[in-house]
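What follows is one structure encoded as structure tokens, with my remarks underneath.
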Amino acid sequence: MRTHRTVRDVLYNIAWREKVKVLVVGGGGREHALVWKIAKSPLVEKIYCAPGNAGIQKAAQCVPIAADRVDDLVRFAEEERVDLTVVGPEMPLVLGLVDRMNEKGLKIIGPTQKAAQIEGSKAFAKKLMKRHGIPTGDAVVFSHRDEAATYIRTGSGPLVIKADGLAAGKGVLLCRDRKEAMVALDRIMLEREFGDAGNRVVVEELLKGEEASFIVFTDGRTVVPMPTSQDHKPVFDNDEGPNTGGMGAYSPAPVVTEEMHQRIMEEIMIPAVEAMAELGTPYRGALYAGLMIGEEGPKVLEFNARFGDPEMQPLIMRLESDLVPILIAIVEGELDGIEVRWDPRPAVCVVMASGGYPGSYEKGKEIEGLNDAEAMDDVAVFHAGTRNLAGRIFTDGGRVLGVTAQGRDIESAIKRAYEACSLIRWEGLHYRKDIGRKALKKILRSQSNDNSIYGSGSE
Ligand code: AMP
Ligand code: GLY
């Protein structure tokens, strides 16, 4: 039987100080959730966050360094003798923050620049998956526009055209037919709408099914899954309107059955971590697979080299174990000795956004009702784009808050999250009213199927 160490064992065995100073990089809802959880740890002496936001400020000292200012972050961590840095967004990872911190002997959670290519280059990720038999959509990578155009012309059926590099989640264009695919190709490679991210394109088959997010902790060898979750990317109810950074999330995602969970671990997550180690670029940190669950099983849409946002907001709420020993174990390659416990109760996060988001929007609207919402049981209001001016809280971004709630079942978690949302006001705010509805429908459908087996169903 595997023995689980206590927190103290981990700290002593690997000669960490008894209490640590932690730096969290980023300033969104995901980072607030991380700070909120880290602040509960008895092992923490101090938390810094760069750059943080008005909610994070309550539990951490915010420092005005943008998340992509690698040199400044390294200097700060050195000067303040930070014991452990945790990175939220992908940009600092792709810019090599982990490598730079490691060169200075500073401990940091996240993949090196080379390992972060799994997110930074879709072509790299596709090649890795192909070589290791990891299920994903068929795809061809092109560096020349004309070759891609010839390929698209000879094909049939719907396609997805993706800019190879980082494009803030916007470089993926779904195309119903060849004509749309040609327009998409030209937007990426001729008009260069996504800049250098469009130096190469990935032309991929369009996959059908339901999406789910699957995130694991890994130290490069051991892979520890978090519960499943699901994001809501389109801005309006019923998945209508343009894509956003995510309008809400819930965990668990009922589309991932126990059998599917096992397949995802065996066919995708473990082989991906093994493949990275084999390449000589071991992957440490959080590895996130965006999946399409279809008739043939799970297929990878993309890998992200980080914790998901907003998914981490409900996930962190469900994490029962202290996060700090888990993070230390990742850095030290000791994840096999750590127990990670999760609360079985579901959690739901509703993102409240500025009027106009994801298009242009105004900032600086005063937010009211935060204290009432925060005072509710089993509710946490994670801040994303907020700013504190003399004790009053104002909007400061497109996605403003992630109102997150737990309940005994998904229905009560949804109800509680929306009750909390109804207490919060500012001019022009908007949010989706159907977060979690898909999960609820799926559960009700499967319950009615179970009932029908016993003759009490309506069919
Ligand atoms: P990505 O950034 O690659 O995850 O793509 C963003 C979104 O585009 C995904 O969350 C999916 O909704 C969609 N998408 C990407 N690739 C495909 C595909 N091959 N088939 C269908 N939808 C896709
Ligand atoms: N939820 C999408 C992402 O974190 O990229």
Side-chain angles (χ1 to χ4, degrees), residues 26 28-31 33-34 87-91 93-94 116 118-126 129 134-141 155 157-176 180-181 184 188 194 197-198 201-215 226 228-235 239-251 253 255 285-296 298-316 349 351 358 382 384 399 402 435 438:
R30 160 185 53 204
E31 289 77 20
L34 289 167
V87 187
E90 64 276 18
M91 194 50 94
L93 299 169
V94 171
I118 201 164
E119 171 164 6
S121 166
K122 291 185 192 297
F124 172 90
K126 275 287 173 199
M129 288 189 270
I134 296 172
T136 185
D138 287 333
V140 190
V141 182
L159 289 172
V160 186
I161 314 290
K162 302 182 176 182
D164 173 50
L166 289 183
K170 299 198 176 75
V172 173
L173 305 170
L174 306 185
C175 309
R176 272 169 300 192
E180 283 188 8
I188 296 173
F194 310 103
V201 287
V202 179
V203 180
E204 186 172 326
E205 68 172 314
L206 188 114
L207 298 172
K208 294 218 160 60
E210 191 174 332
E211 285 185 52
S213 305
F214 201 95
I215 311 173
M226 301 186 199
T228 54
S229 54
Q230 194 158 346
D231 190 2
H232 297 63
K233 283 189 177 133
V235 65
D239 287 338
E240 282 171 21
N243 270 354
T244 66
M247 293 300 288
Y250 55 79
S251 170
V255 63
L287 180 62
Y288 162 145
L291 302 172
M292 187 68 90
I293 314 287
E295 274 167 17
E296 293 170 35
K299 288 192 178 180
V300 177
L301 294 173
E302 63 166 346
F303 280 114
N304 291 320
R306 53 181 171 76
F307 298 106
D309 193 18
E311 291 95 321
M312 274 327 272
Q313 300 180 49
L315 282 169
I316 287 271
C349 165
V351 170
F382 296 123
R399 289 188 297 165
I435 303 300
K438 225 184 269 172

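The first residue of the sequence shown is numbered 1, and numbering continues consecutively from there. When reading the values below, keep in mind they use all heavy atoms of this one structure, side chains included, and skip hydrogens, waters and symmetry mates. All ligand and atom numbering here is 1-based and tracks the order in the structure. Keep in mind it's a predicted model, so treat the numbers as computed, not measured.
At least one heavy atom of Y288 sits less than 4.0 Å from an atom of ligand 2. Ligand 2 does not have R30 within reach: every non-hydrogen atom of the residue lies 4.0 Å or more from it. Residue-ligand proximity: K122 is placed with a non-hydrogen atom under 4.0 Å from ligand 1.
Of all atoms in ligand 2, listed by their number and element, those nearer than 4.0 Å to a heavy atom of G308 are 4 (O). Residue contact check: R306 has heavy atoms under 4.0 Å from atoms 3 (C), 4 (O), 5 (O) of ligand 2. Close approach of ligand 1 to V172 is summarised as follows: ligand atoms under 4.0 Å from at least one heavy atom of the residue are 1 (P), 2 (O), 3 (O), 5 (O), 8 (O), 15 (C). Here is the list of ligand 1 atoms found below 4.0 Å of a heavy atom in K162: 3 (O), 15 (C), 16 (N). Taking every heavy atom of E204 and a limit of under 4.0 angstrom, the matching atoms of ligand 1 come to 18 (C), 19 (N). Close approach of ligand 1 to E211 (heavy-atom distance below 4.0 Å) involves ligand atoms 9 (C), 10 (O), 11 (C), 12 (O). Using a 4.0 Å cut-off to heavy atoms of L207, the atoms of ligand 1 that qualify are 18 (C), 19 (N), 20 (N), 21 (C). Applying the 4.0 Å criterion to heavy atoms of N304 picks out, from ligand 2, the atoms 5 (O).
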T136/K126 under side-chain contact (heavy atoms from CB on, under 4.5 Å): CA gap, chis, key distance, verdict: CA-CA 8 Å; T136 185; K126 275 287 173 199; 2.7 Å; yes

Residue pair M226, M312: steps toward the side-chain contact (heavy atoms from CB on, under 4.5 Å) verdict: CA-CA 10 Å; M226 301 186 199; M312 274 327 272; 3.9 Å; yes

Evaluation steps, side-chain contact (heavy atoms from CB on, under 4.5 Å), between L291 and V300: CA-CA 5 Å; L291 302 172; V300 177; 4.1 Å; yes

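Looking at heavy atoms from C-beta onward, E180 lies out of side-chain contact with P158 at the 4.5 angstrom threshold. The closest side-chain heavy-atom distance from F303 to M129 is below 4.5 Å. Between D164 and V141, every side-chain heavy-atom pair lies at or beyond the 4.5 Å cut-off. Put simply, the side chain of M91 reaches to within 4.5 Å of the side chain of L166, judged on heavy atoms.
Summarising the geometry, atom CG belonging to L287 is positioned 11.0 Å from atom CZ belonging to R306; distances are rounded to the nearest 0.5 Å. If you take CE on M292 and CD on E210, they are separated by 9.5 Å, rounding to the nearest 0.5 Å.
Classification of K122 and E204 as a salt-bridged pair fails, no side-chain N sitting under 4.0 Å from a carboxylate O.
In D231, neither the side chain nor the backbone holds a heavy atom less than 4.0 Å from any atom of ligand 1. Contact annotation: for V160 versus ligand 1, heavy atoms closer than 4.0 Å belong to the side chain alone.
In terms of N/O distances under 3.5 Å, ligand 1 is approached by E302. Between D231 and ligand 2, a contact under 3.5 Å exists for at least one N or O pair.
The closest non-hydrogen atom to atom 23 (C) of ligand 1, taken over L166, L301, D239, comes from L301.
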